[in-house]
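Right, one structure below, let's go through it.
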Amino acid sequence: QVQLVESGGGLVQAGGSLRLSCVASGSIFTFNRMGWYRQAPGKQRELVATVTPIGFTNYADAVKGRFTISRDNAKNTVYLVMNSLRPEDTAVYYCHAVSAVNDLWGQGTQVTVSS
């Protein structure tokens, strides 16, 4: 079973940047879609961004123009570069991977943006 491990979260001031990484324990090439979701306290988990094996991307309106998702199939890694961070971006960020036989989540990484 492939496992997903996120890293790169932390505390940053508003306007700052962070890069999240999601490393899979196996090949990610078979995953139809990989992405990042986030869940703020008291709120439902929501989509942040997704990327297909050939690099097509999709973003939530709230992060368009500020966040960039990418994947490196050779390194079995998906990245989320977050620029111009806002306090409302504070949440636990989860990596997600979907294939024909798997629907996987990472353990999450905390991102806190101070005003």
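Predicted model only: the values in this text are computed from it and were never measured.
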So, [X] side chain and [Y] main chain: donor-acceptor pair closer than 3.5 Å or not?
| X | Y | value |
| --- | --- | --- |
| Asn102 | Leu104 | no |
| Arg66 | Ser84 | yes |
| Thr109 | Tyr93 | no |

Exercise for the section: Decide yes or no on side-chain contact (heavy atoms from CB on, under 4.5 Å) for Met34 and Ile69, but give the supporting numbers first. Expected result: CA-CA 10 Å; Met34 296 192 70; Ile69 188 171; over 6 Å; no
Heavy atoms only: give me the nearest [X]-[Y] pair and the separation to one decimal.
| X | Y | answer |
| --- | --- | --- |
| Val51 | Arg71 | O-NH1, 3.3 Å |
| Ala60 | Leu47 | CB-O, 3.4 Å |
| Pro87 | Ser115 | CG-CB, 3.8 Å |
| Tyr59 | Thr68 | OH-CA, 3.3 Å |
| Thr77 | Ser21 | CG2-CB, 4.4 Å |

Exercise for the section: Assess whether side-chain contact (heavy atoms from CB on, under 4.5 Å) is satisfied between Glu6 and Leu4, documenting all intermediate values. Expected result: CA-CA 7 Å; Glu6 303 101 329; Leu4 306 175; 5.6 Å; no
Handout entry: Heavy-atom check, side chain of Leu11 versus side chain of Val111, under 4.5 Å
Key =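 They are not in contact (no side-chain heavy atoms under 4.5 Å apart), so the answer is no.
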Handout entry: Test item: Leu18 and Leu80 side chains (from C-beta on) under 4.5 Å apart, heavy atoms
Key =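 Heavy-atom side-chain distance check fails, nothing below 4.5 Å.
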Problem - Residues Lys64 and Asp61 bridged, charged N to O under 4.0 Å - result: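 The answer is yes: the pair qualifies as a salt bridge.
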To the nearest 0.5 Å, what is the distance between [atom1] on [X] and [atom2] on [Y]?
| X | Y | atom1 | atom2 | result |
| --- | --- | --- | --- | --- |
| Thr112 | Asp89 | OG1 | CG | 11.0 Å |
| Thr52 | Phe31 | OG1 | CZ | 14.5 Å |
| Trp105 | Cys22 | CH2 | SG | 11.0 Å |
| Gln3 | Gln107 | CD | CD | 9.5 Å |
| Thr50 | Tyr37 | OG1 | OH | 7.0 Å |
| Thr90 | Gln110 | OG1 | CD | 7.0 Å |

Handout entry: Joint cluster assignment, Leu85 & Tyr79, ILVMFWY side-chain distance < 4.5 Å
Key =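 The answer is no; the residues belong to distinct hydrophobic clusters.
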Practice task
Please determine if Arg38 forms a cation-pi arrangement with Tyr94, meaning its NZ or CZ atom is less than 6.0 Å from the six-membered ring centre and no more than 45° off the ring axis.
Solution key: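 No - Arg38 does not lie over the ring of Tyr94 by the 6.0 Å and 45° rule.
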